[in-house]
Every structure is written in structure tokens, then in C-alpha cells.
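Single-structure report; data block below.
Owing to the predicted nature of the structure, the values given are computational and were not obtained by experimental measurement. Start at 1 with the first residue, then count along the sequence.
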Amino acid sequence: MADNSKEMQRAELHKTIWAIADELRGSVDGWDFKQYVLGMLFYRYISENFAEYINDLERKAGRKDFDYSKLEDNKAEKVRKTLVAEKGFFILPSELFCNIRDRASKDEDLNITLDNIFKNIENSAKGTESENDVSGLFDDIDVNSNKLGNTVAKRNDKLVKLINGVGEMNLGNYQDNTIDAFGDAYEYLMGMYASNAGKSGGEYFTPQEVSELLTRIATLNKKQVNKVYDPACGSGSLLLKSAKLLGKENVLNGFYGQEINLTTYNLCRINMFLHDIDYDKFDIANDDTLIHPQHWDDEPFDVIVSNPPYAIKWEGEDNPVLINDPRYAPAGVLAPKSKADFAFIMHSLSWLSTGGTAAIVCFPGIMYRGGKEQKIRQYLIDNNYVDAIIQLPSNLFFGTSIATTIMVMKKSKKDNSTLFVDASNQFVKVTNNNKLTEENIEKIMELYINREDVDYLTKLVSNDFIAKEEKYNLSVSTYVEQEDTREKIDIKVLNKEIEEIVAKEQTLREEIAKIIANIEGGDLNE
């Protein structure tokens, strides 16, 4: 019953989000408008989260009717410093989402009001430990943009509708422990716009089912881990999936990620807050991971999950320093300049803890191409770092129909073999895309865990065979035989059937000849 209630809440939430987008996207491109909906959702979330945190403390102290949203600003100022240290930011009661919503339709300077509030929230963290986590979070919500309308009045009209739409979302009650509704709203929005935006969405949005599989592999048999890391974290879905599967309290030192795109980096930090991950439990950086990694002081990591960009260009051998970089040097060669895929893999392996697991979505071409990529595969196989290669179905990701693979890496393995899993048929078709069901995920996990040969599905291959017989080819199709689904034909039975058909044909011909002869004979008699 509880599950039904949750699903009904979710369906209602999705309906509300769609209605906001449908009403307001007229003058704003859907993918751009996502920023506004997410930004306002974030503003509402941190307002409620912040107010409820204070209310809870006051109620535990005996003030049962305390309501921070009704407190005078000058009284709230007295606890600013303490609250910034605990929550990472500060919001005045008059600047909470609920109070702004009450005044929005009557505020002719709503755009200025919102702009000032967003700046005030960001500035509250300046000079503190949380500054990097809060700075720039509202950068993508330009309340003065012409995208919202070509006059202040039109822009404010749109902003009022936006505030009311987000305010009407049924996001549950903190005491009911349904706060993940905020995170669900975020994920629905990302999925909705990614599916409509093609490649622009697919570049950094990993479908939930793929996130689930990847993270279950990387966290298998782990009850507690030191840290979770994603070197190309996008909007943070893989990091947060680890929080969900392990329980955020079991990720002792938090969630780490790096993202090169500024807008996506902001989305990732917003997503952390929306999933109730406090500023001191995440560290997301904005820079090029391959050239300027930002977490040298934090590695190694017990869990690494990633869906890095496929076949992007990078400096490679044009940068003379990189061949001596401790992340890439062990392989003796750098990933090709036109295809940085193996640079992400080598970086991840380098930062993986001795007992850790890395699960990375890969473009299939890197598994069989020659040259530098073959030499890096040789390094991985000769040192027994590849635990498994899992072939996924095609058409799982927004914006590409390519059948990707998962490379699972470990530094401590029990055998000197690599498991190959063909999961290309583990999917159901949903509209234009394929999708992994819970049953598909369970089946893939079962094959991965059992680590045994299963006809047409898995093959455990010695690294010696991979090296000597297959020249370090890691394509699943090289090792797992495809089932022949064509109908098997028994040639003896077929020949007998042909004989019977020929005999029947002969009989028919004879009978037809008799009929014709009778007809012709009859004509003559007449």
C-alpha cells in the first residue's frame, strides 16, 4: 500500500512538473528552461531544508510552536555564523521561498528581489569552508534574461508562474521522510529534457537503470566505503546512486567528482543538496580531469563509477608532461589524441584503492582497436586489473543508439582471468529506446557474481589466452558465442517431404489431364 501511495505521489509530481514546463516553455527552449525549473526547485528545497533544520532544533529545546519563517530578520541574524558553520549557508526568514511566494504577484521588482536573494545566499558562505560548494549555484538562473520575456513585466509574470508552479509541487513532508521527492523531481526533469534534447542531454545524463547496474557492480559486497568518486560526474547521478544503495552514512568521507562543463558542475552541486547531502560530505570540482585533476589529496577511492564522454579529443602526446604523469606513465603510452577514453580508464585505475572497484561505461571500439589502445589493454591484462567486460544492449542512452560496454576494474582479484558477459539481449523496448528492467539488472548481476561459463551469455577467459591467442582483444563477441536462433533443418526429413510433394504434384497433374480429356471428349460428342 505504501508503495502505491509513493507511486501515486510520484505520478502527481511528474504531472505537475510537466504542466509547469508546458505552460512556460513557449518563449524559452526546453533545455534552457530546465535551468529555471531546477533553479527554483533548488531555491525551494534549501529554504525548506534550512527552516526545518532550525525548527527541529527549537522544538527539541521545548519551543513547540516555533516557526523560523515567521521570525524577524534581526533576531535570525544572531545565529547566522553558527548556522553557516552547520549548514554551509544562511537564509533570512524574509527571503525564504514560502515568504517570497506569498509576495511574488504583488512585487513589481520581483526579478531584482530574487537576484538579491540568490546573491545573499551565495555570499553567506564567503570566507567559510562551504564557499566552494555554494558559490555560483544560482548562476544559471538569470532572472533578467530576455528568454523569460522582452520586458520586466513579462519576465516577472513568468517568474510568478514559475514560483507558483514549483510551490504547488507535492514534495512530501520532512517528518514523513519523503524528502527524496526533491531528488525524484530533479531526475524526472533531467530525463524529460534529455529525451527531448537528444545529444545535448545524453552527453551527461546516464539513465537511472544504467546507473543502478553500474553502481551495484561497484558497491557489490561493500557495506561501508571510504569515498565514492566519478571523474566525469555530470549532474552527479552515479554518485547519488551510491548514496542510495549504500546509505550516505556508510560513505564515511563523502562523495567526490569532477566536471568540465560549468553549467553541469552547478547542476551536480545542486543535485547534492537536493538529495540532502550536506556541503561537508561532497567535493565537486570544475576543471579538466585528464589535465588538471582536483582531488590528488583525496585519492584513493573505494568506489569509482563513471560514464565519461566517448572519443573526445585531448592533448595526449602533444603535452610532454603527460607521459610522466603517474596516472598514465605505467602503461608506457598515452591514449590517442583523438580518443581520450583510455585516459579516463587509466586515471580511474590510478585513483582506485587496493580493495576498491571501478565500473566505467565504455565505447566498444576501445576494446579491439590496435595501436596505443592495444598497448594500454596489454598493460591492464598483464597486470590483472580487468575483472569483467559486460556488453550492454544498444539504444540505452539518450542521443545515441550505440551498444556500450562496462569495464569493471579491481587491483585485488582472486583469479588471473577476465569475465566476459553478453547482456546485449537483456532489455525491453520502450518507445524509441531500450531499457533495462529490474529483472534484466538481476540477471546481469547474477552472471557477474557467479563468474562461470554459461552458453551464449558468459565466458571466463584466462589472461594468458587473451594475450597469446587474441592479442589483447577485449570484445565480448570474441569470447562469448552467439546463439544461432535460425531454425534447425533435418535434411533427411526435408528430402522426404520434397519427395511427398513431388509425388502429390504428379498425381495432381494426372488428375487434371483426365479432367481436361473428359471435357474435350464431351465437346466433340456434342
Side-chain angles (χ1 to χ4, degrees), residues 16-17 19-30 32-51 54 67-80 83-84 87-126 131 134-169 171 182 185 189 262-263 266-267 269-270 273-274:
T16 312
I17 293 170
I20 299 168
D22 205 39
E23 183 180 4
L24 297 173
R25 66 184 164 183
S27 62
V28 185
D29 175 69
D32 286 331
F33 197 74
K34 165 188 59 42
Q35 311 298 122
Y36 290 98
V37 182
L38 285 172
M40 202 57 72
L41 184 73
F42 174 59
Y43 172 40
R44 176 184 162 183
Y45 171 75
I46 62 169
S47 289
E48 292 182 12
N49 179 285
F50 188 79
I54 301 162
D67 185 348
Y68 182 73
S69 68
K70 294 182 171 59
L71 193 67
E72 294 167 22
D73 284 357
N74 59 348
K75 289 183 180 175
E77 283 287 359
K78 293 173 184 174
V79 289
R80 174 187 285 266
L83 286 165
V84 171
K87 292 297 290 177
F89 57 90
F90 182 79
I91 308 177
L92 286 167
S94 67
E95 297 186 340
L96 291 169
F97 177 87
C98 60
N99 288 330
I100 292 303
R101 185 185 176 194
D102 286 344
R103 304 193 300 266
S105 60
K106 300 180 281 290
D107 186 352
E108 291 181 2
D109 298 315
L110 181 60
N111 58 325
I112 297 169
T113 303
L114 287 171
D115 202 28
N116 288 335
I117 290 171
F118 297 160
K119 282 174 183 167
N120 290 344
I121 295 171
E122 289 187 21
N123 289 338
S124 71
K126 277 204 169 153
E131 181 174 356
V134 177
S135 174
L137 280 175
F138 292 98
D139 280 359
D140 289 307
I141 313 158
D142 184 359
V143 291
N144 299 304
S145 170
N146 285 336
K147 288 177 180 177
L148 288 171
N150 52 18
T151 66
V152 171
K154 285 180 180 176
R155 290 198 281 273
N156 284 344
D157 181 56
K158 280 273 200 305
L159 289 169
V160 169
K161 287 178 179 174
L162 179 61
I163 289 169
N164 284 330
V166 170
E168 283 161 16
M169 286 186 193
L171 295 173
F182 276 100
L189 269 162
L262 181 62
T263 296
N266 287 335
L267 283 177
R269 292 182 300 152
I270 285 173
F273 281 112
L274 285 175

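Between L137 and I270, the shortest heavy-atom contact is O-CD1, 3.5 Å. Between P93 and S69, the shortest heavy-atom distance links the atoms CB-O, 4.2 Å. For the pair R44 and M169, the tightest heavy-atom approach, listed with the atom from each and the gap, is NH1-O, 2.9 Å. Taking every heavy atom of both residues into account, L110 and L159 meet most closely at CD2-CB, 3.8 Å. Heavy-atom minimum distance, N49 versus K87: OD1-NZ, 2.7 Å. Of all the heavy atoms in L96 and S47, the pair that sits closest is CD2-O, 3.6 Å.
A distance of 6.0 Å or more separates the ring centres of Y45 and F97.
Interatomic distance, K147 NZ to Y36 OH, rounded to the nearest 0.5 Å: 6.0 Å. Here S105 contributes atom OG and K161 contributes atom NZ; the two are 13.0 Å apart, rounded to the nearest 0.5 Å. Considering OG of S94 and CZ of R103, their distance stands at 6.0 Å, rounded to 0.5 Å. The line from CD1 of I100 to OG1 of T113 is 6.0 Å long, rounded to the nearest 0.5 Å. Residue I91 holds its CD1 atom at 11.0 Å from CG of N99, rounded to the nearest 0.5 Å. Atoms CG and CG, from D115 and D142 in turn, are 8.0 Å apart once rounded to the nearest 0.5 Å.
The ring-ring contact (aromatic ring centres under 6.0 Å, His included) contacts involving residues 102-125 comprise Y43-F118, F118-F138, where partners must be two or more places apart or lie in separate chains.
In terms of modelled atom types and a separation under 3.5 Å, the side chain of N156 and the main chain of E108 share a donor-acceptor contact.
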Show your working on side-chain contact (heavy atoms from CB on, under 4.5 Å) between V143 and R155 and close with a plain yes or no. CA-CA 8 Å; V143 291; R155 290 198 281 273; over 6 Å; no
Before giving the answer on side-chain contact (heavy atoms from CB on, under 4.5 Å), spell out for K154 and L148 the whole-Å C-alpha distance, their side-chain angles and the decisive distance to 0.1 Å. CA-CA 7 Å; K154 285 180 180 176; L148 288 171; over 6 Å; no
Give the intermediate values and the outcome of side-chain contact (heavy atoms from CB on, under 4.5 Å) for residues L38 and D140. CA-CA 10 Å; L38 285 172; D140 289 307; over 6 Å; no
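With respect to the salt-bridge test (charged N to carboxylate O, under 4.0 angstrom), the residues K119 and E122 do not qualify.
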